Structure formats: C-alpha cells, structure tokens
Amino acid sequence: MSLAQRVKRTFDVTLAGGGLVLGAPVMLAIAAAIHVDSRGGVFYVQERLGRGGRTFKLLKFRTMKPAPIQYNPDGSTRVEPGDARVTRVGRFLRGALDELPQLWNVLRGDMSLIGPRPDMATQRALYEPGEERKLNALPGITGLSVVVGRNVVSWKERVAIDIKYVERWSLALDLKILAQTMLMPLGLKAFDFEDELA
C-alpha cells in the first residue's frame, strides 16, 4: 500500500468513525421513522461487488416496499421519480440519508468514502471487456460518477466514468469529489471535472 493509499484509508476510518458517532441520533430517528412508516426491516442489505470482484454486504436504510428487483433495459436498477415502490419516508431519504449505514461498510474496509459506486454482484455478468477495471479500487459512498451524473447518465456511462476515476485517482481528486458531494444538496456546482472525463 502506497503512502497516498494509507492516507486515504486513515481519512476513511477517521471520517466514517466520527460520522457514525455524531450521526447516531439522526440514524436512530431515521430507523424509527422507517419502522413506523411501512412494514419490513429498517435496513436493506444487498450483495455488491468490491475491490477485485470480492462481494460484500452493502447496507442502506430501506426506502422501498419489499419487492423483487426490477432491471432497466440498460442493466441498471435506477428508480425513477414517482415510483410507487418508494415509501413516504423513502422519498425523503433517497440519494443521501439512505446511504448513511455505509459508513459501517467503510470502517469494515469493504468500501471507501470516495470511489466507484458498487455494482450488484449480478451485474458483473453484464461487464464488457475492460470494464472490470472498475473493480481495481474500493467502491465508494460517493464518487466521480455521482457528482458528474448520478441517475442522469445510464449505468454503462457510470461504469465508464468510474473507470476513469480508477485510472486517474489521486488524493486531490478525492477531496474535489468530496467537496462537490457536500454541495449537491444545495444545488451548487463549484467544480467541473472536464479534465478527469477527457
């Protein structure tokens, strides 16, 4: 592990640990709201692809009614606005607060704060030659594909963006992505990523 990678891991553990401690009251309130709002567990657990193709159990707050996974034509599971499967509390949580339990995945070493968004284990069969390069880094809670397009771009476009992140990774890029992620709830765009996407 290089010095930059050790710094990244230290940064991950420090922020994830602090986030779990400081965010505990918020997460308890979210768990209670989910429990009252709809039937089913508080958490949604799904097998995802980690670094090197190793699978892990990703944690999220449940935002949808229990139902089979529905795939879109591009192989993604993107949920469109107004989807009837999303619960009332889920509409408020989706896209940010529902990801908070993944701080535990970061502490465990399954994920990083910043990296390629983890695909479902079943989606590996849809990778084309070269796309498994995405698996050369720990997946992240946020990442380049999130700040560039999130659900606006197709799943295949997100894979391509994630590969560019892996190939051009640096601590400076991580800080830039983290800063933009924090501005997204405010609708602000302070950075462009044209060099990283070129």
Side-chain angles (χ1 to χ4, degrees), residues 1-20 22-23 26-27 48-51 58-61 63 72 74 76-81 91-107 109-119 123 127 130-198:
M1 184 182 290
S2 69
L3 176 60
Q5 289 171 325
R6 288 197 294 271
V7 170
K8 179 180 174 74
R9 180 59 186 157
T10 301
F11 185 74
D12 281 344
V13 170
T14 301
L15 285 190
L20 285 170
L22 296 176
V26 173
M27 289 189 275
R48 297 289 183 105
L49 290 170
R51 183 163 56 189
L58 178 138
L59 296 174
K60 294 180 73 172
F61 280 123
T63 61
N72 297 313
D74 68 350
S76 73
T77 56
R78 181 175 60 249
V79 176
E80 300 296 339
R91 291 190 190 96
F92 174 73
L93 299 178
R94 287 186 68 83
L97 294 175
D98 61 325
E99 314 278 3
L100 286 175
Q102 288 165 45
L103 293 173
W104 176 247
N105 287 120
V106 173
L107 273 187
D110 299 323
M111 298 179 67
S112 174
L113 292 173
I114 301 112
R117 280 301 293 164
D119 291 324
Q123 290 176 307
Y127 282 1
E131 290 184 338
E132 290 204 0
R133 286 178 294 168
K134 174 178 177 174
L135 304 179
N136 289 341
L138 279 176
I141 296 178
T142 187
L144 185 59
S145 63
V146 174
V147 296
V148 168
R150 196 167 180 90
N151 291 335
V152 176
V153 298
S154 70
W155 174 61
K156 280 295 187 179
E157 288 173 310
R158 293 201 307 272
V159 171
I161 293 169
D162 284 332
I163 290 171
K164 289 183 177 181
Y165 166 83
V166 172
E167 294 175 342
R168 302 173 188 190
W169 174 77
S170 68
L171 290 174
L173 176 57
D174 274 3
L175 290 174
K176 187 176 174 182
I177 291 170
L178 183 61
Q180 183 57 52
T181 299
M182 292 189 293
L183 293 172
M184 286 173 66
L186 302 176
L188 300 176
K189 183 177 180 181
F191 305 94
D192 68 64
F193 295 88
E194 292 180 4
D195 290 342
E196 290 80 9
L197 298 173

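Here the structure is a predicted model, which means the values were calculated and not measured.
Residues R168 and D195 form no side-chain contact, since every pair of their non-hydrogen atoms from C-beta on lies 4.5 Å or further apart. The shortest distance between side-chain heavy atoms of V159 and D119 falls below 4.5 Å. Between M111 and I141 there is a side-chain heavy-atom pair separated by less than 4.5 Å. Using a 4.5 Å heavy-atom cutoff, the side chains of S145 and V153 are not in contact. Residues L173 and F193 form a side-chain contact, since some pair of their non-hydrogen atoms from C-beta on lies under 4.5 Å apart. Side-chain contact between P101 and K60: absent, with no pair of heavy atoms (C-beta onward) separated by less than 4.5 Å.
In this model, a donor atom of one side chain and an acceptor atom of the other lie less than 3.5 Å apart for T63 and R94.
Checking side-chain atoms of K164 against main-chain N and O of E196 turns up no donor-acceptor pair under 3.5 Å. Within the 3.5 Å criterion, the main-chain N or O of A190 finds a donor-acceptor partner in the side chain of Q180. Under a 3.5 Å cut-off, the side chain of K176 and the backbone N or O of D192 do form a donor-acceptor pair. In this structure, the side chain of N105 engages the main chain of L59 through a donor-acceptor pair within 3.5 Å. Proximity of a side-chain donor or acceptor of R48 to a complementary backbone N or O of L58 within less than 3.5 Å is not detected. Listed for the R133 side chain is no donor-acceptor partner under 3.5 Å among the backbone atoms of E167.
Of all the heavy atoms in A137 and V166, the pair that sits closest is CB-CG2, 3.9 Å. Nearest heavy-atom pair across G140 and P118 is O-CD, 3.7 Å. Residue Y127 comes nearest to E132 through the heavy atom pair CD2-CG, 3.4 Å, listed as atom of the first residue, atom of the second, then distance.
The 12-atom threshold is not exceeded at CZ of F92, counting heavy atoms of other residues, nucleotides or ligands nearer than 6.0 Å.
The CH2 atom of W169 sits 14.5 Å away from the CG atom of L144 when rounded to the nearest 0.5 Å. Rounded to the nearest 0.5 Å, atoms CZ (R117) and NZ (K134) are 9.0 Å apart. Atoms CD1 and CZ, from I163 and R158 in turn, are 13.0 Å apart once rounded to the nearest 0.5 Å. Atoms OG1 and CD, on T142 and Q102 in that order, are 10.5 Å from each other to the nearest 0.5 Å. M27 CE to L103 CG: the interatomic distance, rounded to the nearest 0.5 Å, is 6.0 Å. Here the CG-CG distance, from N136 to D162, works out to 12.0 Å after rounding to the nearest 0.5 Å.
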Could you list the donor-acceptor pairs under 3.5 angstrom formed by side chains in residues 7-19, with sequence neighbours left out?
| from | atom 1 | to | atom 2 | distance (Å) |
| --- | --- | --- | --- | --- |
| K8 | NZ | S112 | OG | 3.2 |
| K8 | NZ | I114 | O | 2.9 |
| K8 | NZ | Y165 | OH | 3.4 |
| K8 | NZ | D174 | OD2 | 2.5 |
| R9 | NH1 | V106 | O | 2.7 |
| R9 | NH2 | V106 | O | 3.4 |
| R9 | NH2 | L107 | O | 3.0 |
| T10 | OG1 | R6 | O | 3.0 |
| D12 | OD1 | S112 | OG | 3.2 |
| D12 | OD1 | L113 | N | 3.2 |
| D12 | OD2 | S112 | OG | 2.7 |
| T14 | OG1 | T10 | O | 2.8 |

